[in-house]
Amino acid sequence: GSGDPFRAEQKYMVENCEKLFQPVLDYIINETTINDNTIILFDRTEMGERLFTYLDLLKERGAIDRTPLFIDGSIPVQERERVRKHVENNSGCLLVGQSAILSTGINIKNLSKLVLFVGGKSMARTIQSVGRILRLKEGKQAEVLDCVYSMKYSKRHATERKRLYKEFYDMNKFTKVVELSI
């Protein structure tokens with residue numbers, strides 16, 4: 001159709017985020033332990049709210065054993081700090097956070113898994129986002145789960161992120177980058 005194809009992709013991802021998130025959730029449940037804390041970064045507030053509601057419902061029904069938490073720009077700073085301390089002191093947390101808020105300036109040593117649910121291609125955001133999981137507690141291993149959608153712009157952005165991982169990070173600092181094609 002007419003219009004901006006990038007915006008159309010973004011709209012599709014927001015409208016279908018629960019369906020798109022299912023392979024990510026399957027990976028988290030099957031490939032991580034309850035001792036891991038995972039940060040899931042999203043761009044659009046509506047997407048984050050929908051993901052959090054979905055995870056909260058799954059937790060309520062006993063379908064997942066992880067505690068979902070949510071931070072976006074509307075959350076007051078004191079509440080963000082309370083959530084940060086909770087994740088720092090507990091295990092099995094799924095922190096669903098807006099990338100503009102959590103990709104920089106937050107230090108949680110108990111994070112070990114990063115999910116870039118809508119990753120973009122910004123060098124600064126990619127480097128800062130990966131930095132969230134490199135301040136590890138002893139005995140933890142860091143891992144990036146990079147979601148790549150079978151759409152034109154998503155594939156382009158993922159290619160750029162992959163280049164940035166290789167260029168800026170000694171891959172020994174984190175165990176692996178898992179590219180999950182959706």
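Below, all heavy atoms of this structure are taken into account, side chains as well, without hydrogens, waters or symmetry copies.
- Applying the ring pair (Phe, Tyr, Trp, His ring centres under 6.0 Å) criterion to Tyr54, with sequence neighbours excluded, gives no partner residue.
- Other members of a hydrophobic cluster containing Ile34 are absent, since no ILVMFWY side chain comes under 4.5 Å of it, directly or through relayed contacts.
- For Phe117 against Cys17, the heavy-atom pair with the smallest separation is CZ-O, 3.7 Å.
- Within the 4.5 Å cutoff, side-chain heavy atoms of Asp43 are placed close to those of Arg125.
- The salt bridge (Lys or Arg N to Asp or Glu O under 4.0 Å) test applied to Arg82 returns Glu79, not counting sequence neighbours.
- The heavy-atom pair separating Leu41 from Leu114 by the smallest distance is CD1-CD1, 3.7 Å.
- With values rounded to the nearest 0.5 angstrom, Ser112 atom OG is found 6.5 Å from Asn37 atom CG.
- Listed by chain and number, the residues in a side-chain contact (heavy atoms from CB on, under 4.5 Å) with Glu88 are Arg84, Ile108, Lys109, Lys137 (sequence neighbours excluded).
- Residue pairs meeting the salt bridge (Lys or Arg N to Asp or Glu O under 4.0 Å) criterion with at least one member in residues 14-30, sequence neighbours excluded: Lys11-Glu15, Glu18-Arg50.
- Residues passing the side-chain contact (heavy atoms from CB on, under 4.5 Å) test with Thr45, sequence neighbours excluded: Glu49, Asp72, Gln98.
- Remark: Pro23 engages Leu180, Ile182 in a side-chain contact (heavy atoms from CB on, under 4.5 Å) (not counting sequence neighbours).
- Between atom CZ of residue Arg80 and atom NZ of residue Lys85 there is a gap of 15.0 Å, rounded to the nearest 0.5 Å.
- Taking Asn35 as the reference, nothing meets the side chain to side chain donor-acceptor pair (under 3.5 Å) condition, with sequence neighbours excluded.
- By the side chain to side chain donor-acceptor pair (under 3.5 Å) test, Thr32 pairs with Arg66, sequence neighbours left out.
- Formation of a donor-acceptor pair under 3.5 Å by the Ser154 side chain with backbone atoms of Val148 is not found in this model.
- Two residues are said to be in side-chain contact when any heavy atoms from C-beta on lie closer than 4.5 Å; Leu25 and Leu55 meet this criterion.
- In the hydrophobic clustering (ILVMFWY side chains linked at under 4.5 Å, chained through shared members), Phe6 is joined by Tyr153.
- Residues Asp65 and Ile29 form no side-chain contact, since every pair of their non-hydrogen atoms from C-beta on lies 4.5 Å or further apart.
- Screening Leu116, Val144, Val115 against Ser129 for a side-chain contact (heavy atoms from CB on, under 4.5 Å) leaves a single residue, Leu116.
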**Prompt:** Can you list the steps and then say if Leu69 with Leu94 is a side-chain contact (heavy atoms from CB on, under 4.5 Å)?
**Reply:** CA-CA 6 Å; Leu69 303 160; Leu94 292 172; over 6 Å; no
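- Remark: Asp56 engages Phe52, Pro68 in a side-chain contact (heavy atoms from CB on, under 4.5 Å) (not counting sequence neighbours).
- In plain terms, the two heavy atoms of Asn90 and Asn110 that are nearest each other are O-ND2, 2.5 Å.
- Side-chain contact between His86 and Cys93: present, with at least one pair of heavy atoms (C-beta onward) separated by less than 4.5 Å.
- Counting heavy atoms from C-beta outward, Arg161 and Asp146 have side chains that approach closer than 4.5 Å.
- Taking the ring pair (Phe, Tyr, Trp, His ring centres under 6.0 Å) definition, one finds that Tyr12 meets it with nothing, sequence neighbours left out.
- Between Lys152 and Glu9, the shortest heavy-atom contact is N-OE2, 3.0 Å.
- Going from atom OG of Ser99 over to atom CD1 of Ile40 covers 13.0 Å, rounded to the nearest 0.5 Å.
- Annotation: side chain of Leu95 is not in contact with side chain of Thr38 (no heavy-atom distance under 4.5 Å).
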